[in-house]
Amino acid sequence: MNHEGAQSADAVEWVPDILGPDYQATTLALPLGANAVGGGEDPAAATYQATLIRHRPRVSSTSVPRERGSGNKPPVLFIHGWSDYFYNTGLAEFFTNRGYPFYAVDLHNHGRSLGSPELGGYVADLSDYDAELLAAHTIIAQESGGPGATGTDHPVILMGHSTGGLTATLWAHHHPGLVSHLLLNSPWLEIQGGPAIRRAATPLVQLADLRPLMRMRVPERSFYWRGISSDAYGEWPVDKKLRPPRAFPVRAGWMKAILAAQQEVAAGLKLPMPVLVLLSSKSMLGPVWSDGMLHADVVLDVRSLALRTLSLGNSVTLERIDGALHEVFLSNAAVRTHAYERLERWLRGYVD
């Protein structure tokens, strides 16, 4: 697949996806950039792979009445978090039942595109995701408007979770004509503890220039996985091979990339599109498991994130959801319902 859009959407090969008959996937094969680590087993490979997933329901769900047809609403592109992949069928159905074509991307070295778990999630710069996001955007635009359609003719509603939210934010900043609206679900816009901690941590990862793959000593806990997985306390069938319970190893080069991206956000982005940020109302970041962690963000400091939303632009809506997990739309059913009501209210105000 050529990320410059030389291949039309009609030529894209969609195959059945692991999520079932209403979902299809296609592989995005892209040239290996200077900083990227290949997703395949051959370290000398000239390409790496990402995966684009789409939801095409054969029969509309009866849980939510379908509103207007998909032709008059912009498509949604969802970016998962670090060490994660797309599996939230409820999120896809929420949008398609309201007429929004829904797509998600498994970034390279993640999920369906995972080569080696040891290098899972590694990038030296978040811009290394640009090519696959542009490739996905080209396919979506052509499916929305035909072979001659461009991204600026058919901008997407870009949605990102956690590190995917940070990636989505910067991608929208660098490609504003391709994004009509930005939805951020617990985006990792700031490190735990705020800017002072980020500034103090930056010199600690300078070894990344010499040893980018050096594994950093950080707590490795499964608390978040326990809250989402049906193998523990959650409701979701999370594949342990695609989303390890303790996440991927944290490496110095990746951490340096995160800090650099957060610094760019902190400097102020002046995003031109409307932005919605959804966060849990509280964090629980302690080292010992507690049942209260089933009703809080156990990954990020939501207070730091809430303050950092002020750096995004002049049209930013912040919604704090009581009892929400780190991935707001994987919370328990009552919390999810409340979060979807907030999302729908925002869509009606800014999109419909």
Give a yes or no on whether the backbone of Ser280 and the side-chain of Arg320 come within a donor-acceptor separation of less than 3.5 Å. yes
Under the side chain to side chain contact (heavy atoms under 4.5 Å, CB included) criterion, do Arg215 and Glu118 qualify, and how do the steps go? CA-CA 10 Å; Arg215 187 164 177 169; Glu118 272 300 301; 4.2 Å; yes
Stepwise side chain to side chain contact (heavy atoms under 4.5 Å, CB included) test for Met214 and Met255: CA-CA 10 Å; Met214 180 182 69; Met255 194 68 236; over 6 Å; no
Looking at Gly253 and Tyr122, what are the two nearest heavy atoms and their distance? CA-OH, 3.6 Å
Under 3.5 Å, side chain of Asp22 to main-chain N/O of Arg58, donor-acceptor pair present? yes
Heavy-atom distance under 4.5 Å between the side chains of Pro101 and Ile140, does that happen here? no
Run the numbers on Ile79 and Tyr129 for side chain to side chain contact (heavy atoms under 4.5 Å, CB included), then give the verdict. CA-CA 11 Å; Ile79 307 174; Tyr129 294 129; over 6 Å; no
Ignoring hydrogens and angles, tell me if any N or O in the side chain of His110 forms a donor-acceptor pair with the backbone of Val105 under 3.5 Å. no
Between Glu327 and His80, is there a side-chain heavy-atom distance shorter than 4.5 Å? no
Glu344 side, atom CD; Asp352 side, atom CG - distance, nearest 0.5 Å: 8.0 Å
For Tyr48 versus Ala131, what's the shortest heavy-atom pair and its separation? OH-CB, 3.7 Å
Between atom OG of Ser180 and atom NZ of Lys73, what is the distance when rounded to the nearest 0.5 Å? 12.5 Å
Write out all pairs satisfying side chain to side chain donor-acceptor pair (under 3.5 Å) with one or both partners inside residues 237-246, taking only residues at least two apart or from two chains. none
Can you confirm whether Tyr85 sits close enough to Ile53 that some side-chain heavy atom of one is under 4.5 Å from a side-chain heavy atom of the other? no
Under a 4.5 Å cut-off applied to non-hydrogen side-chain atoms, are Leu133 and Leu107 in contact? yes
Is there a donor-acceptor pair under 3.5 Å between the side chain of Asp106 and the backbone N or O of Thr51? no
With sequence neighbours left out, the residues meeting side-chain contact (heavy atoms from CB on, under 4.5 Å) with Leu19 are Asp17, Tyr23, Phe86, Tyr87, Thr89, Arg112
Decide whether Trp188 and Val218 are clustered together by the hydrophobic rule: side chain heavy atoms of Ile, Leu, Val, Met, Phe, Trp, Tyr closer than 4.5 Å, transitively. yes
Using the side chain to side chain donor-acceptor pair (under 3.5 Å) criterion, which residues pair with Asp322? Sequence neighbours excluded. Ser281
Any chance you could lay out the side chain to side chain contact (heavy atoms under 4.5 Å, CB included) test for Trp171 and Leu134, step after step, and finish with the verdict? CA-CA 10 Å; Trp171 202 80; Leu134 285 168; 3.6 Å; yes
Taking only distance into account, with no hydrogens and no angle test, what donor-acceptor pairs under 3.5 Å do side-chain atoms of residues 286-298 form with protein atoms, sequence neighbours excluded?
unit_1, atom_1, unit_2, atom_2, d
Trp289, NE1, Asp291, OD1, 3.4
Ser290, OG, Gly292, N, 3.2
Asp297, OD1, Val299, N, 2.8
Asp297, OD1, Leu300, N, 2.9
Asp297, OD1, His326, ND1, 3.3
Asp297, OD2, His326, ND1, 3.0

Output all residues satisfying side-chain contact (heavy atoms from CB on, under 4.5 Å) with Pro274, sequence neighbours left out; order by chain, then residue number. His181, Ser315, Trp346, Tyr350
Side-chain donor-acceptor pairs of residues 227-235 under 3.5 Å, sequence neighbours excluded:
unit_1, atom_1, unit_2, atom_2, d
Ser229, OG, Asp231, N, 3.0
Ser230, OG, Trp236, O, 3.3
Glu235, OE1, Arg336, NH1, 3.2
Glu235, OE1, Arg336, NH2, 3.3

Going by the ring-ring contact (aromatic ring centres under 6.0 Å, His included) test, which pairs reach into residues 297-318, not counting sequence neighbours? none
Run the salt-bridge test on Arg303 and Glu190 with the 4.0 Å N-O cut-off and return the result as yes or no. no
Kindly give the heavy-atom pair with the smallest separation between Leu126 and Ala257, and that separation in Å. N-CB, 4.4 Å
ring-ring contact (aromatic ring centres under 6.0 Å, His included) partners of Tyr340, counting only residues at least two apart: Phe94, Phe329
Find the distance between CD (Gln49) and CG (Leu114) and round it off to the nearest 0.5 Å. 11.5 Å
Heavy-atom pair of closest approach, residues Pro75 and Pro155: CD-O, 4.0 Å
Looking at residues at least two apart in the chain, or sitting in another chain, which of them share a salt bridge (charged side-chain N to carboxylate O under 4.0 Å, His left out) with Arg56? Glu143
Which heavy atom of Ala324 sits nearest to which heavy atom of Ser331, and what is that distance? CA-OG, 3.4 Å
Nearest 0.5 Å please: distance from the OG1 atom of Thr96 over to the CZ atom of Arg54. 12.5 Å
Is any side-chain heavy atom of Val76 closer than 4.5 Å to a side-chain heavy atom of Tyr103? no
Are Leu285 and Trp82 in one and the same hydrophobic cluster, where Ile, Leu, Val, Met, Phe, Trp and Tyr link if side-chain heavy atoms are under 4.5 Å apart? no
Please collect all salt bridge (Lys or Arg N to Asp or Glu O under 4.0 Å) contacts where either partner lies in residues 257-283, sequence neighbours excluded, each pair once. none
Leu77 CG to Leu178 CG distance, which is reported to the nearest 0.5 Å: 11.0 Å
If you group Ile, Leu, Val, Met, Phe, Trp and Tyr by side-chain heavy-atom gaps below 4.5 Å, do Leu271 and Leu307 land in one group? no
Where Ala92 and Phe102 come nearest, the two heavy atoms and their spacing: CB-CD2, 3.5 Å
How would you list, by chain and number, every residue that makes a side-chain contact (heavy atoms from CB on, under 4.5 Å) with His338, sequence neighbours excluded? Ile321, Glu341, Arg342
Using the side-chain contact (heavy atoms from CB on, under 4.5 Å) criterion, which residues pair with Ser311? Sequence neighbours excluded. Val265, Arg308
Between Thr27 and Ala29 (side chain of the first, backbone of the second, donor and acceptor by atom type, cut-off under 3.5 Å), is there such a pair? no
With a 4.5 Å cut-off on side-chain heavy atoms, are Leu52 and Glu132 touching? no
Is there side-chain contact between Leu343 and Val328, with at least one heavy-atom pair below 4.5 Å? no
How long is the gap from CG on Leu184 to CG on Leu318, to the nearest 0.5 Å? 10.5 Å
Exam field: side chain His174 to backbone Leu170, donor-acceptor pair closer than 3.5 Å: yes
Determine whether Glu319 and Thr317 make a side-chain contact, defined as any pair of heavy atoms from C-beta on separated by less than 4.5 Å. yes
